[in-house]
2 protein chains.
Amino acid sequence: MRSATTISKMTEWQKSVKETGRNIGFVPTMGFLHEGHLTLIQEAKKNNDCVAVSIFVNPAQFGPDEDFDAYPRNLDADIRLAAKAGADIVFCPEVDEMYPSDGGIRIVPGPLANRLCGASRPGHFDGVLKAVLKLVNIVQPDSVYFGMKDAQQLAIIETFFRDFNCPATVVRVPTVREQDGLAKSSRNVNLSISERNEAPAIYEALQQAVILFHEGLEITAVEQFVAEQIKNKTSGTIDYISMLTYPQLEEPDAMSDELILACAVQFSKARLIDNIIFKREG
Amino acid sequence: MRSATTISKMTEWQKSVKETGRNIGFVPTMGFLHEGHLTLIQEAKKNNDCVAVSIFVNPAQFGPDEDFDAYPRNLDADIRLAAKAGADIVFCPEVDEMYPSDGGIRIVPGPLANRLCGASRPGHFDGVLKAVLKLVNIVQPDSVYFGMKDAQQLAIIETFFRDFNCPATVVRVPTVREQDGLAKSSRNVNLSISERNEAPAIYEALQQAVILFHEGLEITAVEQFVAEQIKNKTSGTIDYISMLTYPQLEEPDAMSDELILACAVQFSKARLIDNIIFKREG
């Protein structure tokens, strides 16, 4: 497996792949790879001739009070893991290589960013869209792979690719979980031992809540149920619990078919998110 | 020459060109082609194997009180002219083909749009960037050609392509003028006969002003000189006259090397813009 730290080297690789008629699957990551990322890479490998993985902790998507410096990094391990999972090249640029200039143009996600994580992270999805557009312009993949854990990110990226005719297919990959149900996340290492023991209660609450919704519980009561479960069973502080249409992220009405029940919980040194995307039954 | 009205047909053409190792020059236009556009097409033909021209009056870049409906159109003539100038394909989609959905994501140009035309046309350059990104994603050109008459548009597009790693070269093409110096524009047909006779005074004033600047006249006095000339010699209303750095569009200081002197003048049924981009002498 190769690695590239410069855009020009990455462009060279991309051109050589395209010239020989092979297609590219692309997995953009912020590194500290876990099984969730490796599943994305394996999926990409199954369906493409070549796989590129980017490892770039994107400063543009962290707020001034957020954990950019504390975000876990381990490039050597990432490169080994990516190679083992089937990556053909890892693109791991420095910040200066990705952002040498800034003329002040932003991609603004609009109403899709007003809810869920967007509400408490102003500018976050501007930064995500900037990095994603830059990366797909550099890598020029046929398909890009995103995990469904970052459901709002996925909804915004799907909408952006659709509305701006980006020439790559966005592939949704289901959330990978620990044996006890906790969604895999690079941020899990920042949980204390007791927080780690409590954290599976989040997904349990979401699962039970979806059952209650299908049994007829009103949306507000469903959200309250999740809130109570998380309050009772964890030491985390709830940022939001919200049931919305997916991927539009609007208030559901009786006609809404695909829904998301999503939450964010702040622990002492880690903010965890999780969700279930499901079809309305009956 | 072919023509395509659907994105899928355009994609097919683009892929067939790329598969045979040929490159693509692209000229995005709003149609009603004049010699300015034909120069862009000829430049593209000189330097690329194949040339695509888009003809799309982009509603996203017209304000609610602007001239979208009055914007001149003549698709049959455009197709003939584009073919004659060397285009291999004309892409002329309907509005519904280009904008079937809108999830509310916008590309916002920021400070670059605060001056010149951007100041009096809020949202205009959002709409330009949306259409340009969509079109380059559809056409996937190696080079895109823009005229220097729309200097602010060019500055914003150059900055966007640079900061977002868009995989095409932006080529600047000098403004084409009538014999009397008036910049060629699709909007010139909306001038009355007397306005058409007055309009060359705009470029004359800009030329004289640049000479006065090189002779030592202060920037404010240079701008005032242009204003007086246009007021005295035309019936138009001045929207702005401004000397700025190019392509940053900031207030010049003693170190600024490349400058633009630009103006916009509103006539009864046509708003004309013109500019001179020049290096500071000495």
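Below, read A as the first sequence line, B as the second, and so on, with proteins coming before strands; counting in each chain starts at 1.
Listed in order of number, the residues of residues 125-145 of chain B that approach chain A to under 4.5 Å between heavy atoms are B:Leu129, B:Lys130, B:Leu133, B:Lys134, B:Asn137, B:Ile138, B:Gln140. Interface with chain A: from residues 153-171 of chain B, residues B:Ile156, B:Thr159, B:Phe160, B:Arg162, B:Asp163, B:Phe164, B:Asn165, B:Cys166, B:Pro167 qualify, criterion being any non-hydrogen pair under 4.5 Å. Interface with chain B: from residues 94-104 of chain A, residues A:Ser101, A:Asp102, A:Gly103, A:Gly104 qualify, criterion being any non-hydrogen pair under 4.5 Å.
Taking B:Ser8 as the reference, B:Thr6 meet the side-chain contact (heavy atoms from CB on, under 4.5 Å) condition, with sequence neighbours excluded.
Surrounding NZ of A:Lys18 are more than 12 heavy atoms belonging to other residues, nucleotides or ligands, all under 6.0 Å away. A 6.0 Å sphere centred on NZ of B:Lys45 holds more than 12 heavy atoms belonging to other residues, nucleotides or ligands. Within a 6.0 Å radius of CZ in A:Arg73, other residues, nucleotides and ligands contribute more than 12 heavy atoms.
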